2 protein chains.
Amino acid sequence: MKTRDRIVLEARRLYNRRGYGNVSSAVLAEHLGISEGNLWYHFKTRRAILSAISERFAVDIEKRLSRLPAAGADIVDEYGDLLQALIWEFQEYRFLYRDQSEYGGHDEIVQRGVRGWIERTQQQFQLYYRAFASAGLLDWEEDRLADLAINATIILRYGLDHYREMGASIEEGGGAIRSTLLRHLTLFEHKMLPDAVERLKRSIERIADAGLPEEIAA
Amino acid sequence: MKTRDRIVLEARRLYNRRGYGNVSSAVLAEHLGISEGNLWYHFKTRRAILSAISERFAVDIEKRLSRLPAAGADIVDEYGDLLQALIWEFQEYRFLYRDQSEYGGHDEIVQRGVRGWIERTQQQFQLYYRAFASAGLLDWEEDRLADLAINATIILRYGLDHYREMGASIEEGGGAIRSTLLRHLTLFEHKMLPDAVERLKRSIERIADAGLPEEIAA
DNA sequence: CTATTTTTAGGGTGATAACCCTATTTTTGA
DNA sequence: TCAAAAATAGGGTTATCACCCTAAAAATAG
């Protein structure tokens with residue numbers, strides 16, 4: 001892999017693990033096994049590294065947002081896939097979700113996009129819930145679907161932080177991931193067909209057991 | 001006010017506004033109109049200031065946790081008071097809720113207490129919801145009360161961040177506060193007596209209009 | 001094979017951070 | 001009232017930060 005790409009990858013991992021503000025260029029270069037001079041050759045400023053990561057972030061978000069419930073496919077499976085993609089995104093870009101969200105820390109591309117991404121994520125989830133309802137799997141009034149989607153995305157997004165703060169270890173089977181996914185399920189499982197709920201729970205176990213991206217675990 | 005107390009107060013305000021990591025001792029001293037040497041006379045280390053703030057935090061949390069639904073009183077009003085106290089707490093100690101929650105940044109007293117505080121807050125809300133149900137104001141199954149309480153506290157806690165990220169201005173009537181409080185209401189208002197819902201909404205307007213603590217607004 | 005470009009290492013720099021030290025002023029208590 | 005204690009100011013120290021500069025090594029192109 002080219003040095004530039006290695007920098008972007010490892011910087012993101014270090015930022016996720018230690019926090020953006022706690023990773024100096026010296027530490028990053030040391031971690032990469034390259035000289036600091038070399039690091040500054042590839043990126044003129046520290047913010048430029050953040051920019052490169054943010055660009056990838058924007059691309060990955062758009063890819064995830066493009067997952068829509070397909071007509072012929074199994075809606076429960078597809079929802080499970082969406083959950084997996086979302087959790088993955090939260091983990092891979094954890095430091096962006098945490099450290100940068102205030103005090104003007106975001107890169108411009110994120111600053112511009114974040115509001116739309118949140119809204120579109122809510123709409124995306126609403127489409128899935130409406131598909132659940134249409135398929136007879138979920139008993140939910142149409143005019144309360146938007147609230148369900150908003151509440152679900154809030155809990156999914158902040159659940160990981162919440163359970164980590166409660167002391168859930170990130171290792172050992174991803175307790176925080178499992179808890180977060182089960183937590184969002186409590187919003188609507190009592191109105192869902194038991195069979196569909198069971199399948200979702202199995203999806204959740206798969207996601208929680210899938211193992212974490214290495215940049216978090218270490 | 002004694003210099004020491006002024007330091008603790010103004011440090012908290014600056015941390016809330018700019019983030020803990022973005023407030024140096026020089027900036028803090030300048031803001032206080034005292035010399036840096038004087039600052040170090042009152043607090044030997046930067047962490048000592050954090051400790052002092054954290055101690056007050058612990059005291060304030062315990063005071064808020066002691067608010068329980070009284071037998072004779074009006075439960076709707078009391079719940080509104082609890083919401084107000086909770087929102088206040090989130091605002092007054094915003095930087096603790098945001099900046100310190102990971103990467104080992106917390107003071108020991110917070111580190112030790114946080115898990116219990118979260119659990120007790122959930123239990124506290126559950127008591128209120130049970131009281132709502134007992135009073136015939138809320139139609140909710142007993143064995144789903146805990147889930148409601150957990151989901152409500154998660155949304156209350158992270159709602160402010162969420163709506164700020166969505167672009168809600170903190171000034172001009174506290175859009176984020178109003179949105180967050182209304183958001184948590186969507187979890188159960190459809191199962192609540194319209195009359196009680198109306199009263200809660202009026203409470204929410206009062207809280208949102210109450211004006212923000214000055215350390216946030218500026 | 002050689003000239004050119006790209007990549008790398010590493011010493012240097014100025015700013016800023018937390019924190020120390022000491023002299024001076026202010027407050028306090030008998 | 002006056003000596004001891006508390007409070008304050010401000011210069012000094014050391015470490016670390018992002019970032020610069022230059023020379024050498026490596027890759028590449030003709």
Side-chain angles (χ1 to χ4, degrees), chain A residues 1-55 95-96 98-100 102-111, chain B residues 1-55 95-96 98-100 102-111:
Chain A
M1 198 188 311
K2 303 278 279 183
T3 300
R4 203 197 126 96
D5 296 327
R6 284 186 59 228
I7 293 173
V8 176
L9 175 64
E10 293 299 327
R12 180 169 58 75
R13 292 182 172 172
L14 275 183
Y15 293 159
N16 282 335
R17 234 185 291 158
R18 309 189 193 177
Y20 180 72
N22 301 321
V23 179
S24 68
S25 12
V27 164
L28 178 55
E30 159 88 24
H31 179 79
L32 283 158
I34 66 176
S35 68
E36 234 184 302
N38 196 6
L39 186 59
W40 295 119
Y41 167 75
H42 287 282
F43 293 94
K44 312 174 300 303
T45 67
R46 190 169 127 94
R47 295 283 294 190
I49 302 178
L50 184 62
S51 269
I53 296 174
S54 298
E55 280 174 32
F95 86 97
L96 278 182
R98 279 198 49 78
D99 308 347
Q100 308 303 116
E102 305 238 2
Y103 313 122
H106 271 312
D107 188 76
E108 201 204 334
I109 193 173
V110 176
Q111 189 102 33
Chain B
M1 198 188 311
K2 301 279 280 184
T3 299
R4 203 197 127 96
D5 296 328
R6 283 187 59 230
I7 293 173
V8 174
L9 175 65
E10 293 299 328
R12 181 169 59 75
R13 291 181 171 174
L14 275 182
Y15 294 159
N16 282 335
R17 234 185 293 159
R18 309 189 192 176
Y20 181 71
N22 302 321
V23 179
S24 67
S25 12
V27 164
L28 179 55
E30 159 89 23
H31 178 80
L32 283 158
I34 66 175
S35 69
E36 238 185 297
N38 196 7
L39 187 57
W40 295 119
Y41 167 76
H42 287 284
F43 293 93
K44 313 174 299 305
T45 67
R46 191 169 127 92
R47 296 282 294 191
I49 302 179
L50 184 62
S51 269
I53 296 174
S54 298
E55 279 172 35
F95 86 97
L96 278 181
R98 281 197 47 77
D99 308 347
Q100 308 303 117
E102 304 238 3
Y103 313 121
H106 270 314
D107 188 76
E108 201 203 335
I109 194 173
V110 176
Q111 189 102 32

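Predicted, not measured: the structure shown is a model, and the values here were computed from it. Order of the sequence lines fixes the chain letters, A, B, ..., with proteins taken first and strands second; residue numbering starts at 1 for each chain.
- Distance CZ (B:R47) to C1' (C:dC19): 16 Å, rounded to an integer number of Å.
- Nearest nucleotide to the A:R46 side chain, out of C:dC20, D:dA7, D:dA18: D:dA18.
- Using cut-offs of 30° and 60° for the angle between ring planes, the B:F95 and B:Y20 rings count as parallel.
- Proximity of a side-chain donor or acceptor of A:D5 to a complementary backbone N or O of A:M1 within less than 3.5 Å is not detected.
- Nearest nucleotide to the side chain of B:I34, out of D:dA9, C:dC19, C:dA9: D:dA9.
- Projected onto DNA chain D by closest heavy-atom contact, A:S25 and B:N38 fall at different nucleotides, the more 5' of which corresponds to B:N38.
- Atom CD in B:E30 sits roughly 12 Å away from atom P in D:dA9 (whole-Å rounding).
- Atom CG of A:L32 is separated from atom C1' of C:dA9 by 15 Å (rounded to the nearest Å).
- Nearest-nucleotide positions on DNA chain C for B:V23 and A:R4 put A:R4 closer to the 5' end.
- When the nearest nucleotides of DNA chain D are assigned to A:A26 and B:T3 by heavy-atom distance, the more 5′-ward of the two goes with B:T3.
- Without hydrogens or angle criteria, A:R98 side chain to A:G19 main chain gives no donor-acceptor distance under 3.5 Å.
- Within the structure, every side-chain polar atom (N or O) of A:S35 is placed at least 4.0 Å from both OP1 and OP2 of C:dG10.
- D:dA29 and C:dT2 make up a base pair, with Watson-Crick or G-U wobble contacts both under 3.5 Å.
- With values rounded to the nearest 0.5 angstrom, B:I34 atom CD1 is found 7.0 Å from B:L28 atom CG.
- For C:dC20, neither phosphate oxygen OP1 nor OP2 lies less than 4.0 angstrom from any side-chain nitrogen or oxygen of B:K44.
- The CG-P distance, from A:N22 to C:dA17, rounds to 16 Å in whole Å.
- Contact check, B:Y41 against D:dA7: a side-chain N or O comes under 4.0 Å of OP1 or OP2.
- Note on B:H42: a side-chain N or O is less than 4.0 Å away from OP1 or OP2 of D:dT8.
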